[in-house]
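First comes the structure, then the notes that go with it.
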Amino acid sequence: MLHLHNTLTGNKDRFEPLVPGRVRMYVCGVTVYDYCHIGHARSALVFDVLRRYLEYSGFVVEFAKNFTDVDDKIIKRAHEQGVGCDHITDKYIQAYYEDMEKLGVGRATVEPRATEHIVDIVGLVEKLLKKGMAYRVDGDVYFQVDRYPGYGRLSKRNLDDLQAGARVDVDQRKRQPMDFALWKSSKPGEPSWDSPWGPGRPGWHIECSAMAMRHLGETFDIHGGGMDLIFPHHENEIAQSCGATGKEFARYWVHNGFVQINQEKMSKSLDNFFTIREIFSASEWPESITGEMLRYFLLTTHYRSPLDFSDQSVRESKGALNGFYDLFERLNEPAPNRGTADGSMRVVMTRTREAFAEAMDDDLNTPNAVAVLQKLRGESNKAIESGLSSKMRHAVRQEFRALGAVLGLLQPDSWQFKPQFQSVSPDERGEKTTPLSEADIAGKIAARLEAKKAKNYSLADQLRAELASHGITIEDRPDGTSRWKR
RNA sequence: GGCGCCGUACCCAAGUGGCUAAGGGAGCAGUCUGCAAAACUGCGAUGCGGCGGUUCGAACCCGCCCGGCGCCUCCA
């Protein structure tokens, strides 16, 4: 039974959807005015895994993830570049899809955009005005925070605390400093839509309420996003949604922790962020492998803990994944019809499945889930040593595939990949390496096998050293052939 | 000022009251191999930031202290 840490209650709550067998979840996506960084990747990945695990557990999942495509930063960027807002948002939505595909993050069931829901937004604002929870000032509409008695229940703050700590100049037209804009009148040159209050555009928080209600209903199961959204964004969503409907909005609030650089939050102002595409283009590994390395790295820390990003730790994920793919190679090798370890392996696989679910049920403990897979790897290698039939080898590979799929890992048949030769970076000893074609590699390997056959080991070792200087490792098989990897 | 989080081996990272403190990476030794690689076997924290306290029993609960961080403003 899945338990999720619920920010609303502060506890790990047993997860039970409102409608049995069906989960409705909404996740705050990105504001599309720039490329995504590794922090966005983490958030997207966490909810991608949550969705995968819910589906693995047998739920039908309706998953909505929005794009915020009207916003001050977008307008600013468009003005700077002398282009329309559409140009900016189209470009970065496209980039988002490209980045997420490299990370293996699947598409949501619906991916609504704020600008496509103006009618819903206007309707919601009207409802709040009618109920006396919002007020008009010139062409703007504000939500009046003290009209919603539960304000602060998500972020565990009260209005007095918030006002004492306010660091921003308060708009004097507001009745309360914490009141927030539902609708903003547009200045010339800004995107605008007609409304009962004149031409304008939606405030930031209202879009998520409107879109979630449109696609998932007034009350739904899970609402997610980064921890920095707890206040004010999600607090405001709750106030305006519950204020409008009189019903609970989302039942479980799930928030992921930050990615940090040297123990500090990644942010634009500190200029310490890495975009997803930067990481991929700087990687010496092929895209599919870089994607899996990153995914493994991000999932080996619990989603609510801070995670320190470094090249070093991502590289270390490569070492950990190598072990799996080396095992898969062995599982593919010819094997007898019966193996002495077949029976015990069956038991191991059953236990593995249970332990995996137990880890994931515990608030999506992916580091533990990965540890379970690592244990299965060890057990599988031992079983191969003592004798595992080809049928069981196939079953073991399927088990890795099935559990790996929940994490989005271990799907390729092999890591015998085509390396990228274009730009090989200097290796760690500082030696310059030169590009090596695949034909060169094959040639050297063939030459080395010849030398070995002739027992000319010094030549064979020299050829192996040459390949090693290009980061290529040779592995001699018992059948007299050699395979290689980077 | 308010709210909150983190500190576990060389590195990453689970564990949050009771079996020998998971797992991975790196390292060392051994088996195998022409030598390697891979695999297997073994080694590796008498201790979980520090000091007190509660308890039959604490990394886990409480208090204080030290160190680091986040939110309270746009932010995944």
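Sequence lines set the chain letters: A, B, ... in the order given, protein chains first and strands last, and positions in each chain run from 1. As a basis for the values below, the full set of heavy atoms in this structure was taken, side chains included, without hydrogen atoms, waters or symmetry mates. Everything numeric in this text was worked out from a predicted model, so none of it was measured.
Under 4.0 angstrom from either OP1 or OP2 of B:C71 there lies at least one side-chain N or O belonging to A:Lys265. Considering only side-chain N and O atoms, A:Thr300 lies nowhere under 4.0 angstrom from the phosphate OP1 or OP2 of B:C12. OP1 or OP2 of B:G25 sits under 4.0 Å from a side-chain N or O of A:Arg377. In this structure, A:Lys382 reaches the B:U41 phosphate: one of its side-chain N or O atoms is under 4.0 Å from OP1 or OP2.
Counting to the nearest Å, the P atom of B:G4 and the CG atom of A:Asn11 are 14 Å from each other. Note: CZ (A:Phe67) to P (B:A76) measures 13 Å, nearest angstrom. B:G23 atom P lies 20 Å from atom CG of A:Leu299, rounded to whole Å. For the pair A:Asp363 CG and B:A14 C1', the computed distance is 13 Å after rounding to whole Å. Straight-line distance from the OH atom of A:Tyr296 to the P atom of B:G25: 7 Å, rounded to whole Å. Between A:Tyr33 atom OH and B:A76 atom C1' there is a gap of 11 Å when expressed in whole angstrom units. Per the geometry, CE belonging to A:Met227 stands 19 Å off P belonging to B:C74, to the nearest Å. With rounding to whole Å, A:Lys444 atom NZ is found 18 Å from B:A36 atom C1'.
Contact annotation for A:Arg330: backbone-only contact, meaning every heavy-atom pair under 4.0 Å involves sugar-phosphate atoms and none involves a base. Heavy atoms of A:Asn365 sit under 4.0 angstrom from primed sugar atoms or phosphate atoms, though from no base atom. Using a 4.0 Å heavy-atom distance criterion, A:Leu229 is classed as a sugar-phosphate-only contact. A:Arg42 comes within 4.0 angstrom of no nucleic acid atom, judged by non-hydrogen atoms across all strands. Base engagement by A:Gly257 is indicated by at least one non-hydrogen atom pair under 4.0 Å involving a base atom. Nucleic acid contact class of A:His233 (heavy atoms, under 4.0 Å, all strands): none. Among the atoms of the strands shown, base atoms are found under 4.0 Å from some heavy atom of A:Tyr457. Within the nucleic acid shown, A:Val259 comes within 4.0 Å of at least one base atom, counting heavy atoms only. Across all strands shown, A:Lys455 has no heavy atoms under 4.0 Å from either base or sugar-phosphate atoms. Counting any heavy atom pair closer than 4.0 Å across all strands shown, A:Gly39 reaches a base atom. At the heavy-atom level, A:Phe297 lies nowhere under 4.0 Å from the strands shown.
Taking the nucleotide of RNA chain B with the nearest heavy atom to each of A:Ala371 and A:Asn381, the more 5' of the two is matched to A:Ala371. Between A:Asn368 and A:Asn256, the residue anchored closer to the 5' end of RNA chain B is A:Asn368, taking for each the nucleotide with the nearest heavy atom.
Checked for salt-bridge contact, A:Asp363 and A:Arg304 meet the test: a charged N lies under 4.0 Å from a carboxylate O. Ionic pairing of A:Glu101 and A:Arg107 is not present here: no N-O contact between side-chain nitrogen and carboxylate oxygen is shorter than 4.0 angstrom. Between A:Lys65 and A:Asp48 there is no salt bridge, since no side-chain nitrogen of the basic residue lies less than 4.0 Å from a carboxylate oxygen of the acidic one. A salt bridge is absent between A:Arg448 and A:Glu466; no separation between the charged side-chain nitrogens and carboxylate oxygens falls under 4.0 Å.
Between the side chain of A:Asp476 and the base of B:C35, at least one donor-acceptor pair of N or O atoms lies under 3.5 Å. A:Asp461 contributes a side-chain N or O that forms a donor-acceptor pair with the base of B:G34 under 3.5 Å.
Listed nucleotides B:A14, B:A76, B:U73 differ in distance to A:Met178; the shortest reach to its side chain belongs to B:U73. Here the side chain of A:Gln374 is nearest to one of B:G23, B:A76, B:A14, namely B:G23. Listed candidates were B:C74, B:A76, B:A22. Nearest to the side chain of A:Lys375 is B:A22. When distances run from any side-chain atom of A:Arg157 to the nucleotides B:G2, B:A14, B:C35, the shortest one goes to B:G2. For A:Glu385, the side-chain atoms get nearest to B:C40 when compared with the rest of B:C40, B:A38, B:A76. Here the side chain of A:Arg464 is nearest to one of B:A38, B:A22, B:A36, namely B:A36.
Nucleotide B:U31: paired with B:A39 (Watson-Crick or G-U wobble, both distances less than 3.5 Å). B:A22 is unpaired under the criterion used here, namely a Watson-Crick or G-U wobble arrangement in which both key atom distances are under 3.5 Å. When both pairing distances are held under 3.5 Å, B:U73 makes no Watson-Crick or G-U pair with any nucleotide shown. Base pairing of B:G57: no nucleotide in any strand meets the Watson-Crick or G-U wobble criterion (both distances under 3.5 Å). In this entry B:C64 has B:G50 as its Watson-Crick or G-U wobble partner, both defining distances falling under 3.5 Å.
Between A:Tyr142 and A:Val137, the closest heavy-atom pair is CD1-CG2, 4.1 Å. When every heavy atom of A:Gly226 is checked against every heavy atom of A:Ser43, the shortest pair comes out as N-OG, 4.2 Å.
Once rounded to the nearest 0.5 Å, the distance linking CZ of A:Arg153 with CD1 of A:Ile238 reads 5.0 Å.
Across the P atoms, B:G24 and B:C43 are found 14 Å apart, a figure rounded to whole Å. One C1' atom belongs to B:G34, the other to B:A22, and the distance between them is 40 Å to the nearest Å. The P atoms of B:A36 and B:G47 are separated by 38 Å, rounded to the nearest whole Å. When the C1' atom is compared between B:G17 and B:G23, the two are found 23 Å apart, to the nearest whole Å. On the P atoms, B:G44 is 24 Å away from B:A58, given to the nearest whole Å. Between the C1' atoms of B:U54 and B:C28, the separation comes to 43 Å (whole Å). Between the C1' atoms of B:A21 and B:A14, the separation comes to 10 Å (whole Å). Comparing the P positions of B:G67 and B:G27 gives an interatomic distance of 36 Å, to the nearest angstrom.
Side-chain atoms of A:Asp342 come within 3.5 Å of backbone N or O of A:Gly339 as a donor-acceptor pair. In this structure, A:Arg77 contributes its side chain and A:Asp34 its backbone to no donor-acceptor pair below 3.5 Å.
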